Amino acid sequence: MRLSELLFSQGFGTRRVCAGLVEQGLVRLGERRCTDPSAEVDLSAGPLRYEVQGQAWTYHPRAYLMLHKPAGFECSHRPGRWPSVYTLLPAPLRQRPTAGKVAGVQAVGRLDQDTTGLLLLSDDGAFIHRMNAPRRHVPKVYEVGTRHPLDERQLERLRSGVVLDDDPRPVVAAAAEASGERQLRLTLTEGKYHQVKRMLAAVGNRVETLHRSRIGGLSLPAELAPGQWRWLEPSELDLLRP
Ligand code: URA
């Protein structure tokens, strides 16, 4: 692949901007500065590391990321009252092209503004679709702080199914265990709008805090602080397959 095309594919701007970055000597391939936008880059020799304006990057044909979503951010490109989670990512990840158009990475499902925890993002439409497909039943684990003490009746109702206001079919929790008097670990395999909050309201309680700790077999790493993101390892992608 030509160097300027590679930079374009990774979100560094239009083809002209990418060629300009190279011509101005702002791109390094490994140890060496490269000023020819047409230089052929060998992608077969293991992970390609490069630098743009002093910032180190590794080439990724597709982007698969995890973000520790902090409270106070919306999972939207056009947020209302709160800043967008996409502002937590560097510009190239927000500008990666899909089918030649700037599209950037997209969140795999949404978390509410006040929900924290594991959020996946990708520019692979098929992956996003697979992860969101209701038939796939990818389990998601939520740590829920409740306003009122939990009792066995509420937990049993969450496990056996509650009816929400938009569908007569009951929604069930795959697991619901109290981890404290007002603390609950809830596993869901669907992703309805405000599902945790609505399920807790349906059993007469209320969500005070909500944190997603796991998707499929992938847990939010303890070392990833709120607001931080990182690339997913191939082995972590495997953990997301049902
Ligand atoms: N359920 C909710 O109610 N909110 C979230 O952010 C995620 C699941």
Side-chain angles (χ1 to χ4, degrees), residues 8-14 17 52 55 57 60 62-134 138 140-147 164-167 171 186 188 190-201 206-216 218-221 223-232 236 240:
F8 172 71
S9 76
Q10 302 297 287
F12 288 92
T14 61
V17 166
V52 180
Q55 179 87 42
W57 290 89
H60 291 267
R62 286 261 172 241
Y64 303 98
L65 317 174
M66 64 162 87
L67 170 75
H68 185 160
K69 182 192 172 294
F73 284 81
E74 288 182 30
C75 291
S76 166
H77 282 285
R78 294 210 198 115
R81 281 187 51 209
W82 303 87
S84 160
V85 285
Y86 297 102
T87 62
L88 298 167
L89 302 175
L93 292 173
R94 290 185 266 125
Q95 292 171 184
R96 285 171 72 99
T98 299
K101 292 214 177 80
V102 170
V105 295
Q106 310 293 325
V108 180
R110 290 183 174 205
L111 291 176
D112 295 337
Q113 167 278 121
D114 50 353
T115 302
T116 61
L118 180 58
L119 183 69
L120 303 178
L121 301 113
S122 178
D123 63 351
D124 178 348
F127 168 77
I128 296 174
H129 181 75
R130 272 201 312 279
M131 291 298 296
N132 285 335
V138 179
K140 299 178 183 88
V141 179
Y142 295 90
E143 314 296 334
V144 190
T146 60
R147 173 169 295 183
L164 304 180
D165 49 14
D166 58 351
D167 193 339
V171 286
L186 195 67
L188 301 183
E190 296 165 274
K192 284 174 175 280
Y193 179 67
H194 288 334
Q195 186 166 341
V196 176
K197 291 175 183 164
R198 290 158 75 211
M199 286 179 81
L200 265 293
R206 194 187 154 113
V207 171
E208 291 282 308
T209 59
L210 185 54
H211 176 84
R212 184 158 68 192
S213 55
R214 190 144 62 89
I215 300 176
L218 178 67
S219 295
L220 181 69
E223 65 278 8
L224 196 69
Q228 283 187 340
W229 69 275
R230 72 162 169 78
W231 298 93
L232 289 181
E236 291 175 326
L240 296 169

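This one's a predicted model, so the numbers in the text were calculated from it and none came from an experiment. When reading the values below, keep in mind they use all heavy atoms of this one structure, side chains included, and skip hydrogens, waters and symmetry mates. Quick note: residue numbers are just sequence positions, from 1.
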Just wondering, do [Y] and [X] contact through their side chains at under 4.5 Å, heavy atoms?
| X | Y | answer |
| --- | --- | --- |
| Leu224 | Met66 | yes |
| Ser219 | Leu118 | no |
| Ser122 | Val105 | no |
| Trp229 | Leu121 | no |
| Asp123 | Gln106 | no |
| Val108 | Asn132 | yes |
| Gln195 | Val171 | yes |
| Val207 | Arg147 | no |

To the nearest 0.5 Å, tell me how far [X] [atom1] sits from [Y] [atom2].
| X | Y | atom1 | atom2 | result |
| --- | --- | --- | --- | --- |
| Leu120 | Met131 | CG | CE | 5.5 Å |
| Thr209 | Tyr142 | OG1 | OH | 14.0 Å |
| Asp112 | Arg212 | CG | CZ | 10.5 Å |
| Phe73 | Leu88 | CZ | CG | 4.5 Å |
| Ser76 | Arg110 | OG | CZ | 5.0 Å |

Short question: side chain of [X], backbone of [Y] - any donor-acceptor pair under 3.5 Å?
| X | Y | value |
| --- | --- | --- |
| Arg214 | Gly216 | yes |
| Gln95 | Phe12 | no |
| Arg96 | Val102 | no |
| Arg94 | Leu89 | yes |
| Glu74 | Pro79 | no |
| Gln55 | Val52 | no |

Which atom names give the shortest non-hydrogen contact between [X] and [Y], and what distance separates them?
| X | Y | result |
| --- | --- | --- |
| Gly72 | Pro83 | O-CD, 3.3 Å |
| Trp57 | Pro92 | CZ2-CG, 3.7 Å |
| Pro70 | Pro226 | CB-CB, 4.1 Å |
| Leu65 | Trp231 | CD2-CE3, 3.4 Å |
| Tyr193 | Arg198 | O-NH1, 2.7 Å |
| Val196 | Leu210 | CG1-CD1, 3.8 Å |

Does the side chain of Glu143 come under 3.5 Å of the side chain of Ser213 through a donor N or O and an acceptor N or O?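 Note: Glu143 and Ser213 side chains meet the donor-acceptor criterion.
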side-chain hydrogen bond (donor to acceptor under 3.5 Å, both in side chains) contacts in which one or both residues fall within residues 62-71, not counting sequence neighbours: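 side-chain hydrogen bond (donor to acceptor under 3.5 Å, both in side chains) check on residues 62-71 returns Tyr64-Asp124.
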Evaluate Leu240 against Leu232 for side-chain contact (heavy atoms from CB on, under 4.5 Å), listing each step before the verdict. CA-CA 11 Å; Leu240 296 169; Leu232 289 181; 4.1 Å; yes
Might you confirm whether atom CZ of Arg206 has over 12 heavy atoms from other residues, nucleotides or ligands at distances under 6.0 Å?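 For Arg206, atom CZ is not crowded (no more than 12 foreign heavy atoms under 6.0 Å).
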Provide the full list of ring pair (Phe, Tyr, Trp, His ring centres under 6.0 Å) pairs with a residue in residues 85-123, sequence neighbours left out, each pair given once.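 For residues 85-123: His77-Tyr86.
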